[in-house]
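I have placed the structure first, in the form of structure tokens, so that the comments after it can refer back to it.
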2 protein chains.
Amino acid sequence: MGNTRINDRIVSDPHAGPPRMSDVARIAGVSKMTVSRVLAGHSVAPATRERVQQAIDDLGYVADAAAGALSSGKSEFVAVLVPSLASSNFSDTVRGLSAALEPHGLQILLGDTDYDLAREERLVRSMLRYQPRCIALTGSQHTEGTRQVLERSRIPVVEMWDLPANPIDMAVGFSNSRAAREMVRYLKDRGYRKIGFLAGASDLDRRGLERLKGYQQEMKAQGLGEPRVIRFGESPITMSHGAPALDALLGRWPDTNAVMCVSDMSAFGAIMQCHRRGLRVPADIAVAGFGNFEVSICCNPTITTVSVDAYGIGSRAGQLLLSSVASGTPRAVPERRKFTIDYTVISRESA
Amino acid sequence: MGNTRINDRIVSDPHAGPPRMSDVARIAGVSKMTVSRVLAGHSVAPATRERVQQAIDDLGYVADAAAGALSSGKSEFVAVLVPSLASSNFSDTVRGLSAALEPHGLQILLGDTDYDLAREERLVRSMLRYQPRCIALTGSQHTEGTRQVLERSRIPVVEMWDLPANPIDMAVGFSNSRAAREMVRYLKDRGYRKIGFLAGASDLDRRGLERLKGYQQEMKAQGLGEPRVIRFGESPITMSHGAPALDALLGRWPDTNAVMCVSDMSAFGAIMQCHRRGLRVPADIAVAGFGNFEVSICCNPTITTVSVDAYGIGSRAGQLLLSSVASGTPRAVPERRKFTIDYTVISRESA
DNA sequence: TTGAAAGCGTTACCAC
DNA sequence: GTGGTAACGCTTTCAA
């Protein structure tokens with residue numbers, strides 16, 4: 001059985017390609033179901049289990065996950081979308097998600113939206129084809145199409161890094177604007193009054209825009225005069241954006257004595273540029289960043305910044321998705337939930 | 001047809017959950033096959049196509065990719081493994097792969113080995129369950145199990161960032177040791193003789209080890225005396241590792257006047273520490289990095305480094321995989337190929 | 001140009 | 001504890 005006579009030769013393996021579950025079953029002298037049970041860890045007589053395992057090892061059998069998913073109606077995918085892989089805070093968030101989800105056998109489908117909402121929609125649509133169990137997005141801004149297709153999919157959704165007014169399902173994040181306001185107050189408390197802000201040029205980075213908004217609001221609230229805003233550089237904001245932005249700021253408002261940056265990356269670039277211009281930080285000009293990236297700790301001077309638990313956002317999001325998947329919470333019941341992640345202004349040498 | 005009488009009410013949709021291809025077919029008044037053809041872009045009468053498309057849109061139908069893959073025997077997955085997501089060179093490589101593969105409808109399954117070969121093997125085994133069309137690994141070191149399971153899978157494999165003596169299938173990379181040797185010569189040409197090297201502590205980062213080996217070889221070849229090696233910090237080497245490593249180096253060999261680092265990250269940390277110690281770079285001590293990361297351009301002083309086209313490694317690997325998948329090149333024919341990526345020593349201010 | 005039937009490799013369900 | 005059978009949702013193949 002299983003043997004075939006072709007051109008007068010006995011061929012023991014009737015099919016090409018990798019071994020199937022039926023091959024394992026045949027070799028082990030059991031049915032496919034028993035093989036399936038061994039693989040799933042269900043109860044099987046020890047002796048049988050051993051024979052099956054032996055056959056699996058001999059053949060180098062690897063179960064086809066797609067077939068399994070189709071049959072059981074349950075995939076093991078989780079779709080995850082971040083604006084940029086190159087940004088260390090988002091890769092930390094992905095690590096957090098991964099740490100939470102991997103132990104449960106879930107496989108992450110990772111997508112990089114490049115801060116482009118249309119691209120996000122394309123990726124969401126494309127990933128939905130794999131029937132993911134749940135999905136994690138970054139930010140609260142999405143196209144109408146994205147929202148619609150997610151609403152229809154009925155799977156758990158978590159939005160990260162923001163606290164949307166009207167979340168699709170769940171959200172894990174913090175108020176970027178309030179964090180920026182806190183930094184303004186910190187600088188004011190240290191005696192700085194002429195405070196500038198280096199933001200990105202595009203409106204795609206909503207979290208960056210929120211920080212800018214917070215800065216503007218608090219400058220007004222504290223009576224610190226007209227905001228001094230430079231908008232320069234495409235998202236993601238990198239170190240290279242800091243120097244030209246600083247130059248622009250000092251070109252326009254030469255008496256500025258403190259600079260808030262939308263990210264530690266540009267803060268670092270700005271500090272290096274200060275040094276090149278012969279300005280001491282913070283004696284001549286203070287510089288503050290955002291994100292508590294590694295560079296803020298290693299730079300000389302160390303950089304005052306807002307610390308955000310990026311990894312924690314990911315692992316919290318992962319936990320929420322897990323419990324939501326487990327309980328099968330129907331989204332139709334609008335049990336929308338927001339979860340706040342802490343942030344702190346960390347006082348260092350630069351401001 | 002398709003309607004069911006339940007509790008005296010006519011229910012038009014006989015099943016729960018998301019719409020199926022048969023639902024679309026029913027609504028459009030065609031067979032499943034016609035829907036399938038519309039989706040695949042095969043020839044269908046314009047009027048029919050329009051009706052089908054309308055039904056798809058109305059229902060918000062999303063084809064199940066797993067079912068399609070099972071039926072056609074062809075998945076759309078590519079497995080990609082990198083040692084660390086946080087490292088910008090690997091995320092650049094992933095972007096390069098993504099750019100090459102995405103236009104062909106291939107979906108990347110990304111895994112993070114954390115510089116752990118056993119974890120790599122687990123991930124490879126796990127990803128193989130999704131029947132990927134091909135796989136990209138980082139480095140030339142793998143467990144016996146990894147090699148075996150890949151050999152058996154018979155799918156195209158590309159190893160990146162190294163040039164293995166005996167590649168599994170294809171390889172895209174460069175000689176890390178030769179690049180390091182070139183940097184030693186560069187420093188010697190600039191008049192430096194007392195050259196130290198800051199390496200990582202663990203042997204997991206094979207590319208780092210290769211660089212260290214190259215340094216040692218060239219120090220000997222050039223008659224530059226005993227190597228001055230500090231091994232400190234777990235992979236991935238980060239900015240924070242630079243300062244303590246530099247301290248250790250100067251503690252042990254106080255007259256060192258040039259420092260090569262396994263990465264721009266530690267080079268940056270070392271430079272900041274030099275400043276803290278009151279040492280001018282490069283007047284008192286030269287520092288060179290590796291990788292041409294953004295920080296090497298933005299730092300003051302700018303950092304002399306080895307530039308490697310990380311994105312190019314990814315896109316080249318992607319192209320190789322594509323053509324290998326397209327041609328169905330059987331690996332049994334040992335048509336093993338290695339592809340070299342260029343690197344250059346970039347002279348900047350720090351050395 | 002379109003449709004019907006037969007799988008793809010697995011798991012759920014129900015017998016034994 | 002184990003096995004047979006019928007799906008799962010799609011594409012391939014072949015026929016109309």
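In what follows, every chain begins at residue 1, and chains take the letters A, B, ... in the order their sequences are listed. Please read these numbers as outputs of a predicted model, since none were measured by experiment.
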With no hydrogens and no angle check, just 3.5 Å: does a side-chain donor-acceptor pair link A:S75 and A:Q131? no
Quick one: do the A:H142 and A:E121 side chains pair a donor with an acceptor below 3.5 Å? no
B:D92 meets the salt bridge (charged side-chain N to carboxylate O under 4.0 Å, His left out) criterion, sequence neighbours left out, with B:R95
Let me confirm one number: the CD1-CZ distance from A:I135 to A:R133, rounded to the nearest 0.5 Å. 14.5 Å
Spacing of B:L137 atom CG and B:D162 atom CG [to the nearest 0.5 Å]: 11.5 Å
Need two values: the first and the last nucleotide of DNA chain D, 5' to 3', having an atom under 4.0 Å from any heavy-atom of chain B. D:dG9 to D:dT12
Closest-nucleotide ordering on DNA chain C, the 5'-leading residue of B:L70 and B:S31: B:S31
Which ones in residues 45-58 of chain A lie close to DNA chain D, meaning a heavy atom under 4.0 Å from one of its atoms? A:A45, A:T48
In plain terms, say whether B:D23 and B:R26 are close enough for a salt bridge, that is, a side-chain N and a carboxylate O under 4.0 Å apart. yes
Flag the pair B:R119 and A:E102 as a salt bridge only when some basic side-chain nitrogen lies within less than 4.0 angstrom of an acidic carboxylate oxygen. yes
Considering only residues two or more places apart or on different chains, which pairs with a residue in residues 68-83 of chain B satisfy salt bridge (Lys or Arg N to Asp or Glu O under 4.0 Å)? A:R129-B:E76
Hey, is the side chain of B:T34 poking within less than 4.0 Å of OP1 or OP2 on C:dT1, counting only N and O atoms? no
Ignoring backbone atoms, establish whether B:Y130 has a side-chain N or O less than 4.0 Å from OP1 or OP2 of C:dT10. no
Protein-nucleotide distance (B:D64, atom CG; C:dT10, atom P), rounded to Å: 16 Å
Just report the end-to-end axis angle for the helix from C:dT1-D:dA16 to C:dC16-D:dG1, five pairs per end, to 10 degrees. 30°
Nucleic acid footprint by protein, nucleotides 11-16 of chain C - heavy-atom cut-off 4.0 Å, B for base, S for sugar-phosphate alone: BBB---
Identify the residue among A:I313, A:V82, A:L81 that makes a side chain to side chain contact (heavy atoms under 4.5 Å, CB included) with A:T138. A:V82
Here the pair of heavy atoms bringing B:T143 nearest to B:L117 is CG2-O, 3.6 Å
On a heavy-atom basis, which atom in B:A136 and which in B:L97 lie closest, and how many Å separate them? CB-CD1, 4.2 Å
Aromatic rings A:Y130 and B:F77: how do their planes relate, parallel, tilted or perpendicular, breaks at 30° and 60°? tilted
Apply side-chain contact (heavy atoms from CB on, under 4.5 Å) to the pair B:L204 and B:D114, showing each step before the final yes or no. CA-CA 9 Å; B:L204 297 173; B:D114 210 15; over 6 Å; no
